Amino acid sequence: MKLTFELLWLIPFLPLLGAILNGALSLGSASSKRGPARGLVALLAVLAPGASFVITVLATCKLASHTEPGNTALVQPLWDWFAVAVPGFSFKLSAGLMFDHLTAMMLLFVTGIGTLIHLYSVGYMWEDRGFARFMAYMNFFMFSMIVLVIGDSLPMTFVGWEGVGLCSYLLIGFWHQNNEYNDAARKAFIVNRIGDLGFLLGAFMLFQVMSSNGQGSLNYRDISSWFQNFANADLITSHLGQIGAAGLLIFFGCTGKSAQIPLVTWLPDAMAGPTPVSALIHAATMVTSGVYLLARLCDLYAHATAPVLAGLTVSQVILLIGCITAVWGAIAGLLQVDIKKALAYSTVSQLGYMFMAAGVGAYDVALFHVFTHAFFKATLFLGAGSVIHGLHHEQDMRRMGGLTKLMPITHLWMFWAWFSIIGLPILGSGSFSKDLILDRLFDGASWTPIVGGVALATALVTAIYMSRVMYLTFWSPSRMSAETRAGVHESPLIMLIPISILGFGSMVVGWLWAPADFGVSHLVDNKSQHGIHFFNDWLAPVLGSAEHFTHQLLHPKGEGAAAEGGLSLYAMPALGSLAALIGWLIARAIWRGGRVQGPAEGEITGFSASWTWFFDRVYRVTVVIPVQVVAWILAWVVDAAIGGVVAGIAALARFMGDGYTSVQRPRLRSSLALSMAGVATLVAVLLLQGAFAWVVGLLGAGVAVLFLLLELFF
Amino acid sequence: MFHILDPYLGPAFFWSFALISVLCGTGLFLARHPINGAINLIGVMLSLSGIYALLNSPFLAVLQVLVYAGAIMMLVVFVIMVLNQAKDHIIPQFDWFSLVALPLPVVLGFAMVSVLTKGPTVVVAGGEAGRIELPKDASNSLTVQFRAADAGANAVYSWDFGDQNRSTGREVVHRFAKPGSYTATLSVSDGTPALRSATVTVPVNDAVRGGVQALANSMFDTRRSGPGYYLLFELIGVLLLAAVVGAVVLAKRNLDSPEPPAAPAEGHH
Amino acid sequence: MNGIDPTNVQVLAAVLFALGVAVVLTRRNVFLLLMGVELMLNAVNLSFVGFSRELSGNESLWGQMTPLFIIAIAAAEACVGLAMVICIVRGRDTLDSDAFADMKE
């Protein structure tokens with residue numbers, strides 16, 4: 001069912017307006033000494049996403065007030081993008097906005113957390129010369145991200161998809177005086193572009209499949225209804241290979257945006273950007289767009305049941321990739337000394353969890369983890385930013401320690417975010433979502449429980465490296481130099497408020513979906529149903545069909561349905577909490593004393609120290625060097641050839657020009673007379689026929705020649 | 001009853017204006033001093049304006065007087081007077097090159113005129129015995145002149161104008177009572193019993209085309225013509241503005257003159 | 001008021017055009033040169049008007065639109081042309097177009 005909501009366009013437009021205005025302010029003040037009016041910039045920058053958030057809430061209320069069964073969505077068609085109609089093929093694409101339950105959930109946290117991080121940025125970037133430019137980029141990022149989520153078709157999402165990639169590039173390289181940062185920005189952009197190619201090819205292939213019965217469309221509602229239509233069952237069966245390939249290609253696009261293996265290498269380097277950027281783009285929102293896209297196309301993935309790669313179906317590929325990335329990110333996170341790098345690898349690892357959930361068809365669980373992760377990872381990043389701010393841009397954890405007393409509020413909320421990410425129960429939202437993922441993995445068929453085991457082990461490693469971060473930063477003796485220690489200060493209120501709200505959020509948002517509710521729902525109204533299911537009930541209109549389909553595929557005999565209820569309900573929370581506790585204790589034993597090697601001479605630091613070097617090497621051999629060879633050939637061989645042709649044409653023109661100057665007369669009137677003679681001749685030859693034309697034409701030509709001779713010799 | 005003169009008034013005016021314009025053009029060609037030339041050119045333009053009015057383009061006629069004869073030529077005269085101190089009396093009126101170049105416009109004019117007058121302007125409607133030769137401008141007035149092709153000495157020409165009026169004669173002039181589309185029939189009998197006839201549709205329309213109203217409609221009615229002409233005209237306006245600015249800038253610059261100009265153009269007035 | 005042979009209009013236009021060409025080609029005074037150009041433009045206008053009359057209804061207006069633009073552009077052209085003349089004359093102190101014969105160098 002489609003409803004219209006006239007204010008929908010304002011949600012992306014307001015941040016765009018903010019970006020334009022701030023961009024104008026930034027450009028306008030480029031040459032002034034004082035820079036832009038910071039108060040105005042800050043007001044615009046925070047109000048724009050804030051107003052978007054308010055409108056999103058309004059739209060969500062309107063959506064929630066329609067309780068008819070089926071997939072309800074608010075839509076607003078904008079304009080006809082393009083239309084192609086040739087014999088045998090017609091395609092029309094309208095640009096439009098769609099606000100369904102999935103969009104509502106994504107937009108609520110994108111605009112909500114986005115607004116808070118904008119507020120935080122005001123404090124964090126206030127002193128920076130490029131304050132207005134930064135805020136313009138951030139607002140433009142909000143616009144792109146909102147378009148990505150609210151677009152009603154794959155091309156619309158692609159616009160946002162490219163937009164967030166561009167903003168990521170601009171913001172990573174925000175401090176462009178540093179060449180390493182620029183390299184990091186370029187790397188992020190190029191790696192993302194490689195993934196985007198997959199996105200596009202996948203979209204084309206999907207369109208081709210759907211065109212086989214003349215219903216080709218890239219609109220999300222058309223796509224899901226096409227796959228859900230029983231009349232298309234035979235068609236789907238006969239196109240399984242193509243559907244699988246389309247799914248795989250789109251997933252390749254997702255690995256680029258969400259930093260999964262093989263396109264993982266850019267995210268750790270992306271920490272070059274200012275910390276609010278890391279929190280907003282590289283932790284909370286943009287990197288989760290891959291998961292969003294998978295959920296958006298869940299019907300496609302649910303029906304892609306044929307093996308496409310090494311005997312695995314697309315979903316199994318996603319599951320394996322997610323698993324490997326999660327393990328790899330966790331181990332890499334264990335070895336980082338830069339606080340932001342550690343958090344970056346943690347993001348990679350957590351994204352792996354989300355993809356694992358998507359790989360077993362539990363899209364709602366994946367999105368739930370997206371949701372909780374946005375809160376606690378944003379808190380962690382903002383806390384890290386606060387620490388870095390307080391320590392005057394010190395990011396090396398080996399030179400931290402003992403900050404608990406110096407930065408009490410930052411510590412408080414980082415503690416709860418840590419509590420959440422390692423999976424301690426009840427007051428950590430991460431435990432709810434992560435335990436649900438584990439539950440779905442163990443619930444799966446054949447070898448998925450093995451993946452579940454690996455994921456559980458990864459949870460242990462997660463607990464270790466996150467505790468390590470906390471110990472090295474807060475809970476160990478200070479290793480700071482005396483003057484650094486004297487300069488440490490708690491961050492200003494404008495930074496602490498967003499941290500506090502997000503930190504509190506990371507404590508409680510898990511209760512939106514709490515299957516193992518520890519008896520709370522019984523206390524409230526003594527329901528027979530276990531747990532609170534607000535989150536997945538909300539998403540059910542969009543994802544339910546695909547999940548049901550996958551579930552039937554995995555459990556053809558109806559088994560596994562009993563997973564909810566009884567003691568097994570508490571098994572995963574218990575295991576997860578146990579892993580968290582053990583991990584914490586291990587970390588406590590190792591790093592409590594702050595024993596960590598200080599920066600050694602000649603040690604590799606910076607970007608090459610990251611754990612992505614393996615992939616960087618592989619890419620160097622397989623991509624970069626061949627491209628360089630081709631570039632060399634182009635630069636020297638082709639360039640010489642083209643240059644020769646160009647030079648030849650130039651020489652010819654010069655020769656002809658020189659030749660003409662000998663005919664050209666300096667006298668103005670003779671030049672005119674010559675051209676008139678030409679016109680007369682032309683008129684005669686073209687318009688008159690027969691002998692007459694020849695007479696007049698020859699006469700004209702004769703006059704012209706006469707001129708020339710007279711002019712030349714007198 | 002004076003309407004009988006109508007068909008001859010137009011050509012009469014046309015020929016007088018044409019004569020004036022050609023004479024003035026020749027005057028421009030032979031002018032000793034540019035100011036004489038300018039006055040002659042104004043004469044050409046005014047007579048052309050008259051011809052435009054005769055050709056049912058009153059708006060253009062007015063514009064011709066306003067812009068060409070008024071604005072442009074005034075500008076030319078003004079500049080000639082400003083620069084009068086430039087020693088132009090040393091420029092010969094004609095030189096040897098003029099004699100060499102003169103055949104060219106003659107050839108050109110001859111070529112154009114021969115192209116224009118080569119084809120017959122006859123509307124053929126009928127068999128070999130009867131050819132109706134309709135004036136091309138039949139549709140521009142309530143008064144229409146009909147002329148049949150020569151069908152021999154014994155031929156009898158009879159016209160049915162389609163408005164229940166009839167007439168005889170090889171050349172007839174008929175005034176329609178009101179505009180409309182009429183079917184005129186010419187019957188030619190060349191002495192033999194068989195009559196030959198030819199039919200011609202005559203659109204009769206006395207609306208003066210090119211009136212300000214109609215032109216404005218065509219230019220600004222965006223429903224019908226799209227924004228095309230309107231935009232184009234705006235663009236021309238911008239071009240004019242740019243030209244004025246450019247002209248001022250150009251004229252105020254000291255090009256190639258090392259010393260400051262002794263008498264800048266605006267200094268005289 | 002009518003009965004003007006359209007051919008005659010075109011012939012008149014051709015004659016005026018040829019006169020303009022003659023002025024441009026034979027006279028050395030830059031003012032006369034410019035005025036010759038104006039005369040040529042006017043001849044073209046006349047030709048357009050003459051042809052537009054042969055069309056019916058609105059098409060005739062389209063034919064008249066072109067002279068309208070030509071007049072506007074001629075005004076711009078006269079404006080810039082005269083400014084250039086002023087410019088050049090100030091620098092060289094002569095109105096002789098043959099004295100400007102350094103385009104080749």
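What you are looking at is a predicted structure, and each value in this text was computed from that prediction instead of being measured. By convention in this document, chain letters (A, B, ...) are assigned in the order of the sequence lines, proteins followed by strands, and residues within each chain are numbered from 1.
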(message) Tell me which of these, Ala43(C), Ala72(C), Ala78(C), has more heavy-atom pairs under 4.5 Å with chain B than the rest.
(response) Ala72(C)
(request) Return the minimal non-hydrogen interatomic distance between Ala18(C) and Pro105(B), and the atom names on each side. (result) O-CB, 3.4 Å
(message) If you count every heavy atom of other residues, nucleotides or ligands that lies below 6.0 Å from Met84(C) atom CE, does the total exceed 12?
(response) no
(request) Could you look at Val9(C) and say if it's the side chain, the backbone, both or neither that has a heavy atom under 4.5 Å from chain B? (result) both
(request) Could you tell me which portion of Ala38(B) (side chain, backbone, both or neither) has an atom closer than 4.5 angstrom to a non-hydrogen atom of chain C? (result) both
(message) Tell me which of these, Gly81(C), Ala13(C), Ala74(C), has more heavy-atom pairs under 4.5 Å with chain B than the rest.
(response) Ala74(C)
(request) Please report the C-alpha distance between Phe78(B) and Leu82(C) in whole Å, then the side-chain angles of each, then the deciding distance to 0.1 Å, and finally whether the side chain to side chain contact (heavy atoms under 4.5 Å, CB included) criterion is met. (result) CA-CA 10 Å; Phe78(B) 182 72; Leu82(C) 287 169; over 6 Å; no
(request) Against chain C, label Ala18(B) side chain, backbone, both or neither, depending on which of its atoms sit under 4.5 Å from a heavy atom there. (result) both
(message) At a 4.5 Å cut-off on heavy atoms, which part of Leu30(B) comes close to chain C: side chain, backbone, both, or neither?
(response) backbone
(request) Mind listing the closest non-hydrogen atom pair of Leu240(B) and Ala76(C) along with its distance? (result) CD2-N, 3.5 Å
(message) Using 0.5 Å steps for rounding, measure from the CZ atom of Arg32(B) to the CG atom of Asn29(C).
(response) 12.5 Å
(request) Verify side chain to side chain contact (heavy atoms under 4.5 Å, CB included) between Leu48(B) and Val49(C), making sure each step is shown before the conclusion. (result) CA-CA 10 Å; Leu48(B) 280 187; Val49(C) 175; over 6 Å; no
(request) Please examine the side chains of Leu102(B) and Leu25(C), heavy atoms only from C-beta on, and report whether any two atoms are closer than 4.5 Å. (result) no
(request) Starting at CD1 of Ile71(C), measure out to CG of Leu63(B) and round the result to the nearest 0.5 Å. (result) 4.5 Å
(message) Does any backbone or side-chain atom of Val44(B) lie under 4.5 Å from a heavy atom of chain C? Answer side chain, backbone, both or neither.
(response) side chain
(message) So which atom in Ala247(B) and which in Cys79(C) form the shortest heavy-atom distance, rounded to 0.1 Å?
(response) CB-O, 3.5 Å
(request) Can you measure from CE (Met35(C)) to CG (Leu28(B)) and round to the nearest 0.5 angstrom? (result) 6.0 Å
(message) Donor-acceptor pair, distance only, cut-off 3.5 Å: does the side chain of Arg27(C) make one with the backbone of Pro34(B)?
(response) no
(request) Starting at OG of Ser49(B), measure out to CG of Asn45(C) and round the result to the nearest 0.5 Å. (result) 12.0 Å
(message) Using only atom types and a distance under 3.5 Å, with no angle test, would you say the side chain of Ser98(B) pairs donor to acceptor with the backbone of Thr26(C)?
(response) yes
(message) Among Ile86(C), Val89(C), Leu34(C), which residue satisfies the side-chain contact (heavy atoms from CB on, under 4.5 Å) criterion with Val79(B)?
(response) Ile86(C)
(request) Grab the two heavy atoms, one from Leu12(C) and one from Ile51(B), that are nearest each other, plus how far apart they are. (result) CD2-CD1, 3.3 Å
(message) Taking the side chain as everything from C-beta on, heavy atoms only, tell me whether Phe29(B) gets closer than 4.5 Å to Leu32(C).
(response) no
(request) To the nearest 0.5 angstrom, please state how far the OH atom of Tyr68(B) sits from the CG atom of Asn42(C). (result) 4.5 Å
(message) Contact between Tyr52(B) and Gln64(C) at the side-chain level, heavy atoms closer than 4.5 Å - yes or no?
(response) no
(message) Ignoring hydrogens, what is the shortest heavy-atom contact between Pro67(C) and Leu60(B)? Give both atom names and the distance.
(response) CB-CD1, 3.7 Å
